[in-house]
Structure formats: structure tokens, C-alpha cells
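First up is the structure itself, then whatever we jot down about it.
Just the heavy atoms: all of them, side chains too, but no hydrogens, waters or symmetry mates, feed the values below.
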2 protein chains.
Amino acid sequence: MVDRTTNRRVARKPATPSPTLQDVAQAAGVSTATVSRCLNSPELVVEQTRERVLAVVQELGYAPNFGARALAAKRTNTIGAIIPTMENAIFARGLQAFQEELARHGLTLLVASSSYSPKLEEEQIRTLLARGADALLLIGFERSARAYELLQQRGVPYVIAWAYSAGSDHHAIGFDNRAAMRALARQVFGLGHRDVAIIAAPMDSNDRARERVLGIWDAAAEVGLDRDALTLVQTPYSIENGARVMAEILAGPRQPTAVMCGNDVLAVGAMGAARAAGLSVPGDLSITGFDDIEIAGIVTPGLTTVHVPHRQMGIEAARVLATLLSGGAPPVPLLLETQIISRASLGPVSGT
Amino acid sequence: MVDRTTNRRVARKPATPSPTLQDVAQAAGVSTATVSRCLNSPELVVEQTRERVLAVVQELGYAPNFGARALAAKRTNTIGAIIPTMENAIFARGLQAFQEELARHGLTLLVASSSYSPKLEEEQIRTLLARGADALLLIGFERSARAYELLQQRGVPYVIAWAYSAGSDHHAIGFDNRAAMRALARQVFGLGHRDVAIIAAPMDSNDRARERVLGIWDAAAEVGLDRDALTLVQTPYSIENGARVMAEILAGPRQPTAVMCGNDVLAVGAMGAARAAGLSVPGDLSITGFDDIEIAGIVTPGLTTVHVPHRQMGIEAARVLATLLSGGAPPVPLLLETQIISRASLGPVSGT
DNA sequence: TTGTAGGCGTTATCAT
DNA sequence: ATGATAACGCCTACAA
């Protein structure tokens, strides 16, 4: 394939196309049906034949053609997942665990990302279904009615993760974003903070972001603070955005004593900006995050945040789908526990 | 679909299966061939017919069946990418850019991860090919001869990224890991460091990791240091591993004045551990990374590292594949420039 | 236990 | 410009 003289690749189409079931069958001296069985229901074929066939399969490096298989069997053993973004670590760990558990059930993962856009998400759902995904993992409840209709109409099982709602009709596996953030906010207010700013992700079309802000407002109300008393800025998740917004807040008229961020990525950025502005954390300013991703424990000071059981969520989600696909009893929505991780970034309001 | 009385999902298979070309054709009063043409070569069908057909397509929410299409057309407009891991941010940005550029060419991305295992990578190659990937993105040169044979035999175009080798037969788009790390190491030695430890990723089956260590050894030799004089520890990429290994080094007999890490993730972990041990960076200990991912600029002190043009690499890789697929001239391997980013984590050796 | 044969939804080649 | 129709590679009753 390579012309060694000029050391340049020779563009040429395959001399050897992929071997097919036919090829294997012929080489093994059996019918295609038998080869197919060897691969899909080995127990139906007698040991001797099976061994011979599998040897040929090995030798030829045969791999079933996915399209053909999907077409004939009407299932692909493929699970599609649509996550808002692959850029930061938020979903990475959960997805990894999801994948590992799927593999344990003989299922393959197909990932797509929606960039937090409902329109794009719907498109991705369509794409994944056309690609033959047998089931889907979706993040959060919020999406167009059309998207839900599409799923129901096609009868595709799906599970919603990263969010939980008690009375929901959907299979869900997640945690209570609002309650978790409320608990954290109580701590913040309990330490005497009253000038609190919120850096959240864009709340339209992101129920998790919204729920978390609601949690803060809940706690604010408990100490008699009006929600309008809290500065609220929305910006897409990224370290840079967190830093930029924090700089803007610090340049603004009201200096908060604490900044609660919608997630760790924003918080880490905010912390960087605060430090760059010469503020000490938590001396001059307390900062909190959400998620407890790896960097939360690495930054200085350590970030006080809410631990989310990402891996467990991924594993449970995979199990739910596996159960659904094998016709098992539809499990009940599962609520996982979160936990406040107290590190140094949150301290009492500085005495003035 | 949902029984509102008990508020429990009713498990049932679709009343409405996905509409097929047939359905559309029938509803529009044309043949399936015409519908197909409307979708794939609209210019071949007269406007009036086309409009009618497309209206029906809309109405029925028709989406072509991927498997059937792949089977018939023998191409999928899908590009497979096999990256070592999705867990950390190393490949995230480049992959995102890759994806965006692919989309611009009407191509879809399919991601698989190999967990840094050559065996798994080969398996993934097989899987992606079976799934009909028209071309592949691979990371680094090192893989089994079998894997390369498979690719050549099938005539599947592929491009290798994150690495570069001058005399290579492969389409590659990357940077010189060895030279880049050598340049950084020269700075380290230039600042007077002689007790230098290396925290690298496992070097078997990871040419990037190996090249980077070689670069350090190159520079060491230039100042008359034997490579054995440098402590070398290998550990998989993760913040936690970086921290653990650093702790071990600090507990060991020889205290380095500088630690060069194979990438930023390890470096950030190492920095955390150093701080936890009460060392000041760079006062007591200098630390360097590689990649220049986001956290490098966020940690305290900022991490001195090598900037890799991830996005550009992703974009160029996508262009190469698009060109290859459209039968264009095979481009020559492309070498991108890296750049040393000097932040605070690297300082002169403390005077004793 | 194994083989035969029909069909899955598209594309593409011929005709018309 | 459009319509028949033969592949494409595999699965799965059904038969033997």
C-alpha cells in the first residue's frame, strides 16, 4: 500500500473488502445461518462446528456489518446519550461509569452533545434514533414537547439523569438540585453572609441551573432576604466565563461577601479572578461551587461544594436501561443523596 | 402512553413505527426512488415534485434509517475517533474543534475510547469500521501491526493526531512532543535545577509519553546529566495519581528541586500534594506540566507548561479527512508549533 | 443440529 | 424527470 521509493502513500481503494457472513460460511463449509448462530446464540450450535466457524471468524478478522445487522434484527445494542457538553468535566465521570456498566450488559454507548441547545438536542435525538439507538440517556427534564412525543411515539426507552422530580412520569435517576443547593445556601447564610452574588448557568432550558438558583432563593427567604437582594448573573459553564463574570461583579457597585456558583467550573474561574483582584478567599470573599469535580479539591483554597454521586448515577442509569430493554419491570425514579463538602473557600463573613 | 390514574408508565411497543421511504413515497404519490433523490440529489427532481415530497417528509417526521442507508450506499458520512480517554480535558478541546469542522463538511463524529489500551483500541477500530465509519482519527503512532494492517486492508483513510514524525508514511497532524519537552527541560536545567524528578504517563504503548521523557533526557544530557540521575515514575493520567506519586517522591530519599510532569493533569495533582506537604511552589519546588489546559492558568501558582494548539489540530485533522474522503490530494504531514507558557510554578533553584 | 429463503429500508442502475 | 428493481449483509422463522 505504500510506495517505499517515494515514501508517499498510494491512494487506492481496498483490494480486500470486509469479509461477510458469506465468506465465513463458505470458508467454514457451513451455511450463513450457522455462522450467524455461532455469533449470536452459540448454544444452538454443536461444539465442533462452532469451534471451526469461530476459528475462521478469527482468521478472516470478520466483524458483522452493523448496518445490515441493525436492519435485520431491528436492534443495535446501542445506547445513545445526549449530554450538554463534553468540554468540561461535569459529565465525564458519570458518562464513563455509564459506559462501563453498559459494556457489562453487552451494550455500546454512542455520545452526542447538544451544547445546551434544545433545538440541537431534538436534532440529536432524531439522529441517534435514525442510527438505531435502542434507548437513550438524557440530561434533565426540560425539552420540547415534540422531543418527548418523538420518544413516546417511537416507543424508545429513555432515562433522565442529573435531575429528579417526585411526581414524574419519566424514568429518572438523579438528585434534588434545589434541595442540595438550598442546604449549601443555608450554610452560607448561617455564616452571616447577606451580600451574596450568584453566578449561574443560563437558566432558560436548563432545569438544573434553575433549580439550583431556586434553592438559594429558598434559603434567602428563610433569613428574610428578598431574592432581588441577591445579584444574579448567568453565563455558560466555563472557567473563563466564571472568571470574567467575577471580575465584572467586583468592578460593580456592590461587593458581595460570598459568591455562590452554579457549578465548580464557574467557581474555579471565579476564584481565580478574585485572587487576581487581590482578594483573599475566604477572608475577603467566600466562594462555593456545585458538583465536586476533581479540581474542587485541588484549587487553593479548596472549594466548598456539593458532592454529586456522578458515578453511581451513571451506573444506575445504565442498569435502568438494561432492565427496560430486556423487558424488565420499569423501575421507580431513584433519588440519590448529595453531600456538602466543606473545604476552605467558605468562611464566616469578615467582621466589620 | 401514560396511565394518568396510577401515574405509571405503561410499557408498550410503538403504535407508530418510524416512517419509511415507502410511507413517504405513498403519501406523496411518487416512487421511493424519487423520494430518495429529493433527499440526496434534489437537483435531479423538478421543483414541484420536490416541494410536495419534502412537505410529506416534514409532516411525517421522516428520518432515513441509518443502517439501511449504510448498507445500500456503502458510506455513512461518519468519522470515528478513538481517543485514549474522555475522563480528563486533554482531548476535549481538540475533539470539540474536530467535531465542529467535520459538521461543516457534512460529517458526523463517533467517539470511542481505548483507555490507553492497544488491545482495546484495536477492538474499537474494528467496532467503528463495522459501524461503517468512513474514516478514522487516531491518537499517536503506536499500535499493533495488526491494527495498521486492518486499516490498510480495508482501505479506510485515517489521520493520526497529537503526534508527528518526519519520515512517516501516515497522514499525521501534530507536534513534536520530544522537541517541545526538550525546550521546556532546557529552561528547567537553565534555572540551575539538577535534582529533577519526572512524573510521566505509562510509556509502553504511549509514544507521546515516551517522546516527552526522551526530550527531558535530551536536555539532561546537554548539561552532562545522566538520565539515571533523574527519578522517573510512571502513572496513568489523573489528578489523584499525580498527587499520590508526588507524595511518594517527597517521602523518598532524594528531594528534587523540580518535578517535570508528562501533562497538566499530573502536574496539578503534584502541585496539590506539594502544597499539602507544606512546600512552597516554586520556592521549595518547581513544577511543570504539558498541554496548557484550562486549569493550568487557574491553579496557584500558575503552571508553567507547553501550549499545544489543540483546536487547530482538531480542525486540521478534520480537513485532512474531508479531503481524503472527497478523493482529494493526500496532504503532507503537518507539524504544528508548540509554545512554552511561563507561569509562576517554575523558578530558579533555591540557593542553598 | 443445520440449511433455505424471505425480508429489513435505502441507494443506484436501468429503463421509460 | 421519474419509476422499477436489483443489490447491500444479516437475522430468523420454518423446514429438513
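A/H170 and A/Y148 have parallel rings, their planes meeting at less than 30° on a 0 to 90° scale where 60° marks the start of perpendicular.
Within a 6.0 Å sphere centred on CD of A/E43, heavy atoms belonging to other residues, nucleotides or ligands number more than 12.
The two residues A/A81 and A/L95 have their closest heavy-atom pair at CB-CD1, 4.2 Å. When all heavy atoms are compared, the tightest approach of B/F141 to B/D207 is N-OD2, 2.6 Å. Of all the heavy atoms in B/L110 and B/R131, the pair that sits closest is CD2-CD, 4.0 Å.
Among the duplex regions that DNA chain C forms, those built from at least three successive Watson-Crick or G-U pairs under 3.5 Å are C:1-16 with D:1-16, ordered by first number.
The phosphate of C/dT2 has neither OP1 nor OP2 within less than 4.0 Å of any side-chain N or O from A/S31. Of the side-chain N and O atoms in B/T34, one or more sit less than 4.0 angstrom from OP1 or OP2 of D/dG3.
Whole-Å rounding puts the A/R52 CZ to C/dT2 C1' distance at 11 Å. Put simply, CD on A/Q26 is 12 Å from P on C/dT4, counting in whole angstrom units. Straight-line distance from the CG atom of A/L39 to the P atom of D/dT12: 12 Å, rounded to whole Å. Counting to the nearest Å, the C1' atom of C/dT10 and the CZ atom of A/R131 are 15 Å from each other. In this entry the distance linking CZ of B/R75 with P of C/dT10 reads 17 Å, nearest Å.
A distance-only check finds a donor-acceptor pair linking the side chain of B/D134 to the backbone of B/N77 [under 3.5 Å]. Within the 3.5 Å criterion, the main-chain N or O of B/T76 finds a donor-acceptor partner in the side chain of B/T78. Although no hydrogens or angles enter the test, the distance criterion places a donor-acceptor pair under 3.5 Å between the side chain of B/S117 and the main chain of B/L120. With hydrogens and angles ignored, the 3.5 Å screen pairs a side-chain donor or acceptor of B/S326 with a backbone N or O of B/T323. Using a distance-only test at 3.5 Å, with no hydrogens or angles considered, no donor-acceptor pair links the side chain of B/N40 to the main chain of B/R37.
The side chain to side chain donor-acceptor pair (under 3.5 Å) pairs that include a residue from residues 310-320 of chain B are B/E100-B/R311, B/E101-B/R319, where partners are two or more places apart or lie in different chains.
Residues meeting the ring-ring contact (aromatic ring centres under 6.0 Å, His included) test with A/F66, sequence neighbours left out: none.
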Restricting both atoms to N or O, compile the protein contacts to nucleotides 5-9 of chain D shorter than 3.5 Å, with distance only.
unit_1	atom_1	unit_2	atom_2	d
D/dC8	O2	B/A72	N	3.4
D/dG9	N2	A/A68	O	3.3

Give each protein N/O atom lying under 3.5 Å from an N/O atom of nucleotides 14-16 of chain C, with the pair distance.
none

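Using a 4.0 Å cutoff on non-hydrogen atoms, the parts of residues 40-48 of chain A near DNA chain C are A/L44, A/V45, A/V46, ordered by number.
Salt bridge absent: B/R143 and B/E122 never bring a charged side-chain N and a carboxylate O closer than 4.0 Å.
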